[in-house]
Amino acid sequence: MINKLNQIYNMFSDELSKELYRLRVNWLMTGKHEYIEKIVELSHPEFPVWNSRDEKEFLDILPRDRKIVFYGAGTFAERLLPYLAESSLNFVFCDMNSERQQEGFFGYSVISPQNLIDMCDDKAVVICTTKYVQEVEKYLLDNGIKKDEIIDIRSYFKCGTGDEYFNEEFLNYSEREIFIDAGSFDLGTTIEFKKKCIGLTKAYAFEPDASNYQKCLIKSEKEKEKLPKTVVFPYGTWSSATELCFDSTADGCSHIGNGKTIIKTAAIDDIVDKNDKITFIKMDVEGAELESLKGAKKIIQRDKPKMAICIYHKPEDVITLPVYIKELVPEYKFYLRSYSNADNEMVLYAVI
């Protein structure tokens, strides 16, 4: 085992990747949180390390003597909703998105940032985003909100930084990119790629969770002027076409498991247009990465696409995924990056 880990360690193309791999393996072997803290410090030193609280515990520590403003009506806020309904908090949502302000958020009204600044109530502002924390905090401070009235939710949630997959310096894009988004959730990753790469001309999205699949369809229609040609499949990616038990959670954590839901799966090789040269594969499929790679074997060997593969869902992924990819295409160069304040959101990149 030690020899194999050393072999994989030496597959990585830069010192940061090697150190992240060493720390990840040490954490998996010992369970000591200090290794995760070092990963966070190396990867994004301004990002607070998760302190192991869950949603209910977080809400319990919020003050009851003032109004709570949740700035950002998105994924984090949605995670709080079941607990907010049972809490005694006086709260409101705030978002700069005008559509959110008009349509509301799961039945709740949404105020604008200017409404927030104009509020006379004693308040505490919870920044419910990971990607624009500094911008939001600066806006609040510049407009008279005191530092001690602002709460950064990242300290209390296991969360990602929101900038994974497309922003690393070792990724080079062509004039015609064709993208596979395996585990597309709400199509947000494809939309982010289009923002990053004007050469994105076509995308294939796979999302087996029925609720999330509908989100993808709605967003593909809503964003059709901004998106490339996008084909959305209601399948999980796997090594073959079959039916599997599925734990459907209607969020980014739905996964193949022991749930009562039955989903259909597909091998990427079998369903993607064989005339398309695939240039980028992203996989975040909650532990089905190895089987999904097996189902894309022909495309990977033929097209040698850039790949961003999540490597944190199973402990054995740190061995099985790089070994399998290297067997398919020996000339791939490997990089490892972390995008989280905890033990999640670690991505293995394979590039030519």
Side-chain angles (χ1 to χ4, degrees), residues 40 44-164 185-186 188-189 191-192 195 215 219 222 251-252 339-342 344-345:
V40 176
H44 27 76
E46 302 303 317
F47 209 73
V49 178
W50 177 49
N51 66 11
S52 303
R53 282 193 169 94
D54 62 20
E55 289 88 342
K56 186 177 184 305
E57 289 173 323
F58 171 66
L59 293 181
D60 286 345
I61 69 169
L62 295 179
R64 264 57 181 173
D65 61 345
R66 64 184 78 177
K67 192 157 193 168
I68 306 298
V69 182
F70 295 102
Y71 194 118
T75 303
F76 277 118
E78 187 174 345
R79 284 169 59 179
L80 293 171
L81 286 174
Y83 307 94
L84 281 169
E86 300 173 358
S87 76
S88 58
L89 288 169
N90 178 17
F91 67 91
V92 67
F93 293 103
C94 173
D95 201 290
M96 65 183 300
N97 187 301
S98 58
E99 291 183 12
R100 277 272 195 263
Q101 296 165 22
Q102 293 169 9
E103 298 172 3
F105 183 64
F106 292 93
Y108 293 97
S109 61
V110 177
I111 65 173
S112 70
Q114 187 58 54
N115 294 148
L116 161 62
I117 300 303
D118 293 340
M119 282 174 55
C120 297
D121 309 17
D122 289 336
K123 53 187 171 290
V125 183
V126 179
I127 302 179
C128 289
T129 180
T130 61
K131 206 166 186 180
Y132 306 107
V133 172
Q134 292 179 342
E135 293 91 331
V136 172
E137 185 175 62
K138 184 177 186 306
Y139 172 81
L140 295 173
L141 293 172
D142 288 349
N143 284 276
I145 306 297
K146 297 176 183 177
K147 182 76 172 176
D148 61 4
E149 295 176 330
I150 302 171
I151 300 169
D152 183 349
I153 203 170
R154 298 177 303 174
S155 299
Y156 303 94
F157 280 85
K158 180 187 287 192
C159 60
T161 63
D163 57 357
E164 59 265 57
F185 177 40
D186 64 356
T189 305
I191 292 170
E192 282 298 311
K195 291 177 183 176
K215 293 176 185 177
K219 191 165 284 188
K222 190 175 182 179
D251 58 19
Y339 304 96
S340 171
N341 66 341
N344 57 329
E345 306 302 335

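Here the side chain of Ser340 pairs a donor or acceptor atom with the backbone of Cys159 at under 3.5 angstrom. Remark: the backbone N or O of Tyr139 is paired with a side-chain donor or acceptor of Asn143 at under 3.5 angstrom. Judged by distance alone, with hydrogens and angles left aside, the side-chain atoms of Asn341 form a donor-acceptor pair with the main-chain N or O of Phe157 at under 3.5 Å. The backbone N or O of Glu99 lies less than 3.5 Å from a partner atom in the side chain of Asn97, making a donor-acceptor pair.
Between Gly72 and Cys128, the closest heavy-atom pair is O-CB, 3.5 Å. Considering all non-hydrogen atoms of both residues, Leu140 and Ile117 come closest at CD2-CD1, 4.5 Å. The two residues Arg64 and Ser88 make their nearest non-hydrogen contact at NE-OG, 3.5 Å. Considering every non-hydrogen atom in both Ala73 and Ala77, the closest pair reads CA-CB, 4.1 Å. Contact record, Arg79 with Lys158: NH1-O, 3.8 Å, taken as the closest heavy-atom pair. Closest of all the heavy-atom pairs between Arg66 and Asp122 is CB-O, 3.2 Å.
The side-chain heavy atoms of Thr189 and Glu164, taken from C-beta on, include no pair separated by under 4.5 Å. At least one side-chain heavy atom of Phe47 sits under 4.5 Å from a side-chain heavy atom of Thr161. Proximity of Ile150 to Tyr71: side-chain heavy atoms (C-beta onward) are nowhere separated by under 4.5 Å. No side-chain heavy atom of Asp186 sits under 4.5 Å from any side-chain heavy atom of Thr75. Residues Leu80 and Ile153 have side chains in contact (heavy-atom distance under 4.5 Å, counting atoms from C-beta outward). Taking the side chain as every heavy atom from C-beta outward, Ser112 and Cys94 never approach each other to under 4.5 Å. The shortest distance between side-chain heavy atoms of Leu116 and Val125 falls below 4.5 Å.
Expressed to the nearest 0.5 Å, how far CD1 of Ile127 lies from CG of Asp152 amounts to 6.0 Å. The structure places CE of Met96 at 14.0 Å from CD1 of Ile111, a figure rounded to the nearest 0.5 Å. With values rounded to the nearest 0.5 angstrom, Leu59 atom CG is found 6.0 Å from Leu89 atom CG. If you take OH on Tyr83 and CD on Glu55, they are separated by 5.0 Å, rounding to the nearest 0.5 Å. The distance from the CZ atom of Phe70 to the CG atom of Leu81 is 9.0 Å, given to the nearest 0.5 Å. Going from atom CD1 of Ile68 over to atom CG of Leu84 covers 10.0 Å, rounded to the nearest 0.5 Å.
Between Lys147 and Glu137 there is a salt bridge, since at least one side-chain N of the basic residue sits less than 4.0 Å from a carboxylate O of the acidic one. Between Arg154 and Glu46 there is no salt bridge, since no side-chain N of the basic residue sits under 4.0 Å from a carboxylate O of the acidic one. Between Lys195 and Glu192 there is a salt bridge, since a side-chain N of the basic residue sits under 4.0 Å from a carboxylate O of the acidic one.
Below 30°, between 30° and 60°, or above 60°: for Tyr108 and Phe91 the angle between ring planes is between 30° and 60°, a tilted geometry. By the 30° and 60° cut-offs, the orientation of the rings of Phe105 relative to Phe93 is perpendicular.
Checking Gln114 against Asp118 by side-chain atom types alone, a donor-acceptor pair falls below 3.5 Å.
In this structure, Met119 places its CE atom where more than 12 heavy-atom neighbours from other residues, nucleotides or ligands lie under 6.0 Å away.
A search for salt bridge (Lys or Arg N to Asp or Glu O under 4.0 Å) contacts involving Glu345 returns nothing, not counting sequence neighbours. Residues that satisfy the salt bridge (Lys or Arg N to Asp or Glu O under 4.0 Å) test with Asp95, not counting sequence neighbours, are absent from this structure.
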